[in-house]
Structures are given as structure tokens and as C-alpha cells.
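Computed over heavy atoms, backbone and side chain alike; hydrogens, waters and symmetry mates excluded. Labels below follow one simple rule: chain letters A, B, ... track the order of the sequence lines, proteins then strands, and each chain is numbered from 1.
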There are 2 protein chains.
Amino acid sequence: MTPHRTRKERENMAADSKQKRRTQLKMYLENNPFLTDEVLADKLDVSVQTIRLDRAVLDIPDVRERTRRVAEENYSRVRSINSGEIVGQLLDLHLGDTATSLLETNGDMAFEKTNIVRSHFIFAQAESLALAVIDADVAVTGLANIKYKKQVKPGEKLLAEAEVIRRKGDDKCVVLVESASGGEEVFRGKFVVFALGSEGDG
Amino acid sequence: MTPHRTRKERENMAADSKQKRRTQLKMYLENNPFLTDEVLADKLDVSVQTIRLDRAVLDIPDVRERTRRVAEENYSRVRSINSGEIVGQLLDLHLGDTATSLLETNGDMAFEKTNIVRSHFIFAQAESLALAVIDADVAVTGLANIKYKKQVKPGEKLLAEAEVIRRKGDDKCVVLVESASGGEEVFRGKFVVFALGSEGDG
DNA sequence: CAGATGTTTAATACTAGGTATTAATAAGAG
DNA sequence: CTCTTATTAATACCTAGTATTAAACATCTG
């Protein structure tokens, strides 16, 4: 906290302090990429120049660049999985019958270790499509029975095809969804989907 | 394109040009919030000062503030479903046996129309937990059999509990996951999970 | 102890992408 | 011709930096 130190104190610290500080710096920025050099300098109790030097060595861009990256990376992504109701791009839709969507996978969707696309993205595409094909204002999934048949690598384009295979009464459907990459089936799922009226029941 | 105009041309334009330009300005920024004043000035064929004046009137912040907002709004959101390997917060983990995680739902996870949390978030939490509980470096889902029992509204906190209920050989497990909100079960799923060795098979 | 080296800090000039203010200019309306 | 509105220009200032040079401090070695 205090920036005033005796010579003894400085001597003891100086040796490993640099590496420790840089490790800490990286940790701080991983948790919060929006910290400015000034704030970091304060947290790590060194001058702003030292922080800049550390960043240069560690090849960490400045706060505006970091912010820009976070913003740009997430801008399209969030729109697809989070904000958009459909995961992937809807290519074809015959309400109450069939629908098709395309999802372009990328490295952000994969596990870091294995570079295999995380299966809930594949699931999300299929489920979204199953809900979209239903001819109802609002629909929710009740049951699903799914199988991942083949691993997907980032960059593969997943073509999902949904088909309503059974109707049970007015509000209940069974939708089959098959996703393929390069002609090969990677996923198959059966979704029991409920169309919702004005009542909030599912 | 050309910045040179006759007096006649300017006369004709002057009247409504301002409102049209401001409408256009808003459109440009809705499609791409990362445009600087200079770029906008170029696109709209006016000076940078005019753009700044327009922004001031329309109460539109500068590019850095816009970028910062996009970044901050999406940061936590994306981290939960996209970047983190676990969806939700891991509360408890006994490798190969049981695990627990908590997911705080919010409006961004819900359908706009119905304000019901989109089920693939619930699925993602459960699947992530099923993979986390496996005592292996890498695991992938093969099959899943799931049921959504109750709709979830934004703000509800989902407590997911995973339990390894069967082991088949060295690399195959069945994991049961139950998610509850306020003590009431909202989801139940059985996942067949494969532990992966150095081979990329699943 | 001096000198070499490594680490940290300071100082300075420069940048992008602005804000805020004042003033000049253009063009139509009365 | 004057008043008003719209636009542009000019100027001083801001944040959060980059890039560079120099100085101060720390630590080790001979």
C-alpha cells in the first residue's frame, strides 16, 4: 500500500518480484481485461512505466485494444447464441413440417485442450431448429433423446435438418433433427416439443 | 462522393439533409458500433465536426464508450456459456462420484416473447457438470436422455447435481444430473459420457 | 570499493479519438 | 440587407496510451 520502502525491503523484493508481478498482471487481466495501466500500477504498487514495460514484454495490448477485442469477438457470437432465437443461420423453413439451419463452428466453441467443439453448441442448434419448425407462437422443449455420433472440429459447418415426425393433439409434436458435417452425420436427436398458448404451462 | 457541389445543389439538399443524415447515422451505428467519427464523416460526406454535433444531439457516445459498452455487456454473458468450460459456478466436486454447480439465470438467457429461460442453457449447465465429474483429462458426451420438467424464469438460480450412476469399462460412464430451482426439480438428464485417452475417438 | 548489469522510474515528444468552446462561413427566409 | 440555421474551422484540453532516452536504484562480481 505505501510506496515508501527502506533499502532492506527493496533488496529482499527485487530478485523475484518481477516474475511474480508479471504473473499477477496476467491474472488480473484475465479476470478483468478492462483495467488501465494506471489502475494496474496501483494494484501492483509499481509505476505506470513498469506496467507498460511488463505489457510490452508479455505482448499484452493496451486497454483500448483489449476492450475492442472483447467487444468484436463477442459481438457476432453473442448475437448468434444468446440474442438470436436461432442458433445458426436459418436456411429453409416449412412451418409444421421441415426446417434447415447452418452453423459455422469456430475455435471459440471448442474445448481448449482437445479442440473438439463443445457438444452443447450442436445441441443448441438442433433444439433451436426443433422449436423454430413448430407452427406456434411459442414452443418449449419437454423431452429430448439425443446422440452425438461424431466429434466436430472447429471450422466444420453443421447442416441441421429438422422434421416433424409425429403430432400428438394440438400442442405436442415430436421433431427429429439430424446434423451433418460434410455429408457425415454428427448428431441425431428427437425432441418432444410443446406449443404454448396464452397459458404459461409446459 | 465528390465534396464539390454547386450552390443549387446545396440549396436543394440543405433543408431535410440534416434529419436524413441523422437517421442514417443511427443506422450505421446500429449495424456497426465500432465506427469512428472520421469514418462516419467520410460515409455521410460531411465534416467530422458535423458528426460530433449530430452525436451530441442524438445523445450517442463516442466510439470508445460504445465499444466499452458492447464489451462489458457481453463479457460476463459470453464467459458463462462460451469461454468457461463449466457453465455455472462449480460448487462441489468429487471426481468420479458427484458434483454440484450453480447457474444464475438472467434476462439475456430467455426468449424475448415469453421470458422463459431458453432450455439449452439449462442443458449446457447439466452437460458441463456431467463432463466435469468424470475423472478423466478429457470427456465427451455420447448420448443424452433429458427431460425439462418445469419452466425457468430469469433470475432463478439453478442448482445442478451430478452423480455417476454406472461405469462401463474404463472409458464409459452414465451420469445422472438433476437441476432444481428453489427446491423444485426443473430438469433431469442421463448422459452417457466417454473419457478420451490420447486417441481422438468418441 | 568500482564497474557491469538488471530493474525501475522519470521525462519528453508523439498519437488517436475524442470533448468543449468560440468563431467564421454559407445559404435561405423575411 | 439582416436574421437564423447549418456547417465547418480553429483552438485548448483530455485519456490512455506508444516510443525513446536518460537517470536512479539494486545486485552481483572481481
Nucleotide nearest B/Glu38 when distance is taken to its side chain, options C/dG18, D/dA6, C/dG17: C/dG17
Reported CZ-to-CZ distance for the pair B/Arg55 and B/Arg66, which is rounded to 0.5 angstrom: 6.0 Å
Nucleic acid contacts - residues 46-57 of chain A versus DNA chain C, non-hydrogen atoms under 4.0 Å: A/Val46, A/Ser47, A/Gln49, A/Thr50
Whole-Å distance separating the CG atom of A/Leu29 from the P atom of D/dA16: 15 Å
Whole angstrom value for the distance that separates P of C/dA16 from CG of B/Leu35: 18 Å
Nearest-nucleotide 5' precedence on DNA chain D, B/Arg64 against B/Arg22: B/Arg22
Phosphate-side-chain proximity, A/Ser17 and C/dT8, N/O vs OP1/OP2 below 4.0 Å: yes
N or O in side chain of A/Arg21 less than 4.0 angstrom from C/dT8 OP1/OP2: yes
Nucleotide C/dG18, atom C1' - distance to CD1 of B/Ile60 in whole Å: 15 Å
B/Glu65 CD to D/dC14 C1', straight-line distance once rounded to whole Å: 15 Å
Protein-nucleotide distance (B/Lys18, atom NZ; D/dT5, atom C1'), rounded to Å: 7 Å
Separation between NZ of B/Lys168 and CZ of B/Phe194, rounded to the nearest 0.5 Å: 8.5 Å
Separation between CD1 of A/Ile146 and CD of A/Glu127, rounded to the nearest 0.5 Å: 9.5 Å
Listed nucleotide nearest any side-chain atom of B/Asp37, set D/dT7, C/dG18, C/dT8: C/dG18
Distance-only criterion, 3.5 Å: show the donor-acceptor pairs between side-chain atoms of residues 91-99 of chain A and protein atoms not counting sequence neighbours.
from    : atom 1 : to      : atom 2 : distance (Å)
A/Asp92 : OD2    : A/His94 : NE2    : 3.3

Euclidean distance, atom CG of residue B/Leu40 to atom C1' of C/dA16 [Å, nearest integer]: 15 Å
Interatomic distance where CZ belongs to B/Phe34 and P belongs to C/dG18 [whole Å]: 14 Å
A/Arg68 CZ - D/dT15 P separation (whole Å): 23 Å
Chi angles and distances behind the salt bridge (charged side-chain N to carboxylate O under 4.0 Å, His left out) call for A/Lys26, A/Glu30: CA-CA 6 Å; A/Lys26 279 192 277 185; A/Glu30 268 161 38; over 6 Å; no
Aromatic plane relationship, B/Phe123 with B/Phe191 - under 30° parallel, 30 to 60° tilted, over 60° perpendicular: tilted
Set of residues satisfying salt bridge (charged side-chain N to carboxylate O under 4.0 Å, His left out) with respect to B/Glu178, sequence neighbours excluded: B/Arg188
